[in-house]
4 protein chains.
Amino acid sequence: MANTDIPALFAESLTNLKLTDKQKAVLEASLKLFSEKGFDNTSTSDIAKLAGVSEGTVYKQFKTKAGILKAIVEPFAENVIPLAATEFLDEVSTENLPDFKDFLTTVIKNRFQFAMNNLPQLRILFHEAITTPKISEKISKEILTLLSSNLKQAYLFYQTKGELVKWSPDRIFRYMISTVVGYVIPVLLIPGLTLDVDQVTKESTEFLLKGLSPK
Amino acid sequence: MANTDIPALFAESLTNLKLTDKQKAVLEASLKLFSEKGFDNTSTSDIAKLAGVSEGTVYKQFKTKAGILKAIVEPFAENVIPLAATEFLDEVSTENLPDFKDFLTTVIKNRFQFAMNNLPQLRILFHEAITTPKISEKISKEILTLLSSNLKQAYLFYQTKGELVKWSPDRIFRYMISTVVGYVIPVLLIPGLTLDVDQVTKESTEFLLKGLSPK
Amino acid sequence: MANTDIPALFAESLTNLKLTDKQKAVLEASLKLFSEKGFDNTSTSDIAKLAGVSEGTVYKQFKTKAGILKAIVEPFAENVIPLAATEFLDEVSTENLPDFKDFLTTVIKNRFQFAMNNLPQLRILFHEAITTPKISEKISKEILTLLSSNLKQAYLFYQTKGELVKWSPDRIFRYMISTVVGYVIPVLLIPGLTLDVDQVTKESTEFLLKGLSPK
Amino acid sequence: MANTDIPALFAESLTNLKLTDKQKAVLEASLKLFSEKGFDNTSTSDIAKLAGVSEGTVYKQFKTKAGILKAIVEPFAENVIPLAATEFLDEVSTENLPDFKDFLTTVIKNRFQFAMNNLPQLRILFHEAITTPKISEKISKEILTLLSSNLKQAYLFYQTKGELVKWSPDRIFRYMISTVVGYVIPVLLIPGLTLDVDQVTKESTEFLLKGLSPK
DNA sequence: GATGAATGAGAGTTCATTCAT
DNA sequence: AATGAATGAACTCTCATTCAT
């Protein structure tokens with residue numbers, strides 16, 4: 001399965017905004033600083049310095065400091081996540097994985113790779129989600145609705161085949177997410193920590209297979 | 001089993017600090033504001049106003065704004081959590097729950113109640129953990145070491161009895177935490193959301209029992 | 001007739017605000033700079049420097065730069081002007097000037113002195129009135145209503161005596177104001193220009209007496 | 001008498017500057033914005049937006065923001081006012097109005113119409129006159145010198161005829177101006193207010209005729 | 001111990017102006 | 001001639017912190 005190239009999608013969405021090189025540099029510097037120090041502990045002067053531009057340039061395109069955050073978070077939340085998810089789900093269904101085990105392995109591995117490829121954005125999202133309830137509400141609903149509705153059919157397929165416990169899609173999805181997130185959060189929190197994607201995929205799948213088996 | 005009264009423990013640790021009523025009011029106001037708006041978006045003037053004291057008083061005991069955060073987070077992280085955990089584990093072991101199912105139910109329910117009783121503190125911890133790597137590192141290590149070492153014996157007990165899969169304590173603990181956290185995080189993020197502790201305890205236990213059964 | 005001591009009234013209204021010496025210095029510096037350079041061309045840094053305080057002090061009491069303007073203009077517009085007018089009109093009516101000529105002389109002289117004593121405030125009022133329509137509307141209505149309603153009785157008295165043309169109070173008042181303002185505006189506009197109050201009072205009265213005589 | 005078409009004169013002076021359409025649009029946008037919000041509260045970006053041009057274009061012809069103000073105020077102050085005044089006085093003298101009453105009516109009506117036709121410019125002039133003493137000094141002297149010297153002959157004519165009090169031309173002129181301005185200022189200050197030119201002309205003339213009559 | 005006026009460094013933001021295209 | 005991205009100085013305002021009372 002061709003792994004979705006999230007950074008490429010992000011870069012593409014930047015290109016669509018018709019930003020100049022300097023303005024892209026502002027976004028890149030902001031992404032780095034926000035994810036490292038948090039939004040509040042990053043000054044626009046820091047951003048300008050790291051991006052190698054004047055403070056005025058920072059405001060030319062993004063109007064306010066919050067506008068920079070929006071420019072980073074929104075395409076990620078509104079376009080990149082769903083896009084990646086849709087693409088990925090298309091692949092899953094087209095491949096028509098016959099075994100639930102293969103399905104689980106594919107999905108879990110994909111999500112681990114997505115997380116590893118987008119640590120800075122996830123860090124920012126994670127951080128802002130607490131301070132700004134709207135963001136978290138929107139994102140969580142979006143992801144939940146999208147994923148669960150698309151996954152529903154897959155779940156039903158495996159439930160009918162007798163390979164998956166007959167719980168609600170929400171509940172099944174929650175345990176899948178929880179298990180993945182349980183491995184990812186320490187990586188988000190402790191700098192330098194990494195993940196052996198293949199290993200954790202194997203472990204997670206083994207646990208979930210048992211937890212989600214019928215009977 | 002008598003449920004651990006965390007707020008009482010917290011209040012007790014406050015009493016030990018020999019704070020005046022005004023200084024306690026400062027801590028309470030800070031707890032409320034930090035958990036609602038985050039540390040950075042709370043000014044010392046906000047705190048003074050809510051606590052009904054002068055700005056000078058805020059600084060009399062706590063020296064700096066970070067000192068207030070420390071005074072809230074440290075007793076929670078260093079004393080309250082371990083204390084509660086130890087107390088709770090003592091109860092568990094002394095009661096010598098014969099069934100793994102009963103053990104799981106007891107542990108899970110206790111953790112859900114702990115979370116529900118300490119939402120403001122968890123929100124602050126959650127928030128600061130990302131900005132301040134040291135905090136998260138310290139806390140995660142502390143919790144992991146402490147809990148897993150104490151739980152090890154219990155795990156071994158049930159593994160020997162043939163009721164628990166023979167994975168490492170860390171791995172077993174991770175899935176237990178993940179499953180609980182998977183229910184708690186939405187409550188942390190979306191204001192107004194609550195949890196039916198009995199219901200989620202039943203669901204989580206059902207899932208974990210299967211996922212952690214041998215074979 | 002004891003001339004109303006406007007500066008004393010202003011100082012008194014300052015005292016009532018319970019301002020510290022530094023905060024009074026801020027108001028005084030602002031009054032000077034606003035009247036000299038205009039509100040927009042005066043920076044809060046300018047004010048702080050002239051007042052010999054930090055910029056923070058400027059904001060401690062007045063919250064915003066516009067707040068300083070308000071603190072200068074409002075007591076002047078809402079308290080000082082009406083107060084002075086009422087006091088002055090009381091004196092007029094109690095003295096019961098028998099001749100319209102004496103009445104005119106008294107009123108005109110008082111207004112000239114009021115203007116000369118409050119040039120800085122008038123300059124600011126004049127300046128802001130154009131940019132902020134609300135101010136001018138409020139002030140003009142206030143002055144007009146107050147003065148014309150109080151003057152009405154006096155006008156009627158002299159009209160009955162056959163010393164004053166039987167026009168509407170508004171119209172009579174307008175010509176009185178215009179004539180005074182016609183002498184004052186050049187003083188407001190051209191720095192260094194002063195007024196010989198006795199001389200202009202004599203001239204204005206001579207003109208108005210003829211213009212307002214009944215045929 | 002043909003009423004002087006000030007806007008036409010202004011447009012003509014614009015044409016003489018050999019401005020492109022875009023540059024004229026800049027001037028027109030500036031005139032509107034300066035008179036509405038004041039010079040300081042109008043940004044060059046505002047002007048560019050309203051004029052539908054780039055910010056660079058704003059600076060091509062006018063070098064600085066103050067240059068735009070100059071381009072609006074100077075032709076008005078140096079050319080348009082005197083030009084209109086001269087033209088108007090020519091008409092007055094050539095028509096050789098026999099009665100002082102007719103003369104007054106003609107002059108007053110003309111000035112009211114001039115004011116009504118040029119409210120935006122007057123607003124700007126009024127506003128800037130306070131902040132920039134030079135402007136007001138220059139304009140006031142210019143108008144005074146020009147008008148009073150030209151009017152002198154007319155005044156002398158009516159004084160000799162016994163229709164006008166034998167005061168200095170300056171003093172007579174001041175009362176004429178004051179009376180007109182007394183009606184115009186409220187219109188400048190309170191948006192939406194208008195003037196019935198015929199009515200105020202009649203009122204003003206009636207008052208001035210009496211005030212300026214000999215004896 | 002408590003107050004709150006005062007501080008000053010630094011934050012976010014605006015804007016007149018320049019200049020390569 | 002026209003554009004608009006880029007600049008950087010200056011502005012208004014915030015806030016953690018200090019200290020005389």
Side-chain angles (χ1 to χ4, degrees), chain A residues 18-23 25-26 40-48 51-68, chain B residues 19-23 25-26 40-49 51-68, chain C residues 18-23 25-26 40-48 51-68, chain D residues 19-23 26 39-49 51-68:
Chain A
K18 284 180 189 168
L19 300 173
T20 64
D21 286 348
K22 301 221 172 196
Q23 288 160 352
V26 168
D40 290 310
N41 293 312
T42 302
S43 72
T44 50
S45 156
D46 290 341
I47 295 171
V53 303
S54 71
E55 278 214 62
T57 300
V58 173
Y59 281 86
K60 198 77 185 192
Q61 178 71 27
F62 303 106
K63 308 300 184 228
T64 66
K65 192 187 167 193
I68 308 176
Chain B
L19 299 173
T20 65
D21 285 350
K22 301 223 169 192
Q23 287 161 351
V26 168
D40 290 309
N41 294 314
T42 301
S43 72
T44 50
S45 153
D46 289 340
I47 295 170
K49 241 170 255 157
V53 304
S54 72
E55 285 202 56
T57 299
V58 174
Y59 279 83
K60 201 73 189 187
Q61 179 71 26
F62 304 106
K63 306 304 185 229
T64 67
K65 190 187 169 192
I68 307 175
Chain C
K18 284 179 189 171
L19 299 174
T20 64
D21 287 349
K22 301 221 171 192
Q23 287 160 352
V26 169
D40 290 310
N41 292 313
T42 302
S43 72
T44 50
S45 157
D46 289 342
I47 295 170
V53 303
S54 72
E55 278 214 63
T57 299
V58 173
Y59 281 87
K60 198 77 184 190
Q61 179 71 26
F62 303 106
K63 306 301 183 232
T64 66
K65 191 187 167 192
I68 308 175
Chain D
L19 300 173
T20 64
D21 285 350
K22 301 222 169 193
Q23 287 160 351
V26 169
F39 179 75
D40 290 309
N41 294 314
T42 302
S43 72
T44 51
S45 153
D46 289 341
I47 295 171
K49 240 169 254 156
V53 304
S54 72
E55 285 202 56
T57 300
V58 173
Y59 280 82
K60 200 74 189 187
Q61 180 70 28
F62 304 106
K63 306 303 186 235
T64 68
K65 191 187 167 191
I68 307 175

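What you see is a predicted model, and the numbers here were worked out from it, not measured in a lab. Labels below follow one simple rule: chain letters A, B, ... track the order of the sequence lines, proteins then strands, and each chain is numbered from 1.
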Does a nitrogen or oxygen in the side chain of [X] sit under 4.0 Å from OP1 or OP2 of [N]?
X: D:K63; N: E:dA16; answer: no
X: B:T57; N: E:dT3; answer: yes
X: C:K65; N: F:dT12; answer: yes
X: A:S54; N: F:dA6; answer: no
X: A:T20; N: F:dA6; answer: yes
X: D:T44; N: E:dC15; answer: no

Using atom [atom1] of [X] as one end and atom [atom2] of [N] as the other, report the distance to the nearest whole Å.
X: A:I68; N: E:dA11; atom1: CD1; atom2: P; value: 14 Å
X: A:D21; N: F:dT7; atom1: CG; atom2: P; value: 12 Å
X: B:K49; N: F:dC15; atom1: NZ; atom2: C1'; value: 11 Å
X: D:F62; N: F:dA1; atom1: CZ; atom2: C1'; value: 14 Å

Show the nearest heavy-atom pair for residues [X] and [Y], with the distance to one decimal.
X: D:V58; Y: D:T44; value: CG2-O, 4.4 Å
X: C:A25; Y: C:A51; value: O-CB, 3.6 Å
X: A:K22; Y: A:T57; value: CB-CG2, 4.3 Å

- Message: Under 4.0 Å, heavy atoms only, any strand: does D:V53 hit a base, just the sugar-phosphate, or nothing?
- Response: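 Sugar-phosphate: the residue D:V53, judged by heavy atoms under 4.0 Å, touches backbone atoms but no base.
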- Query: Taking the nucleotide of DNA chain E with the closest heavy atom to each, which residue, C:K60 or D:S43, is nearer the 5' end?
  - Reply: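 Taking each residue's closest nucleotide, the earlier one in sequence belongs to C:K60.
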- Between D:G56 and C:Q23, which has a closest nucleotide on DNA chain E that is more 5'? C:Q23
- With DNA chain F as reference, determine whether B:Y59 or A:K22 sits nearer its 5' end, using the nearest nucleotide of each. A:K22
- A:G52 or B:A66, whichever maps to the more 5' nucleotide of DNA chain F: A:G52
- Can you tell me the pairing partner of E:dG8 across any strand shown, Watson-Crick or G-U wobble, with both distances under 3.5 angstrom? F:dC15
- Note on the structure: When both distances are under 3.5 Å in a Watson-Crick or G-U wobble arrangement, the nucleotide paired with F:dA20 is E:dT3
- Item | Any side-chain heavy-atom pair of D:F39 and D:I68 under 4.5 Å | no
- Message: A side-chain contact here means heavy atoms from C-beta on lying under 4.5 Å apart; do A:Q61 and A:V26 qualify?
- Response: no
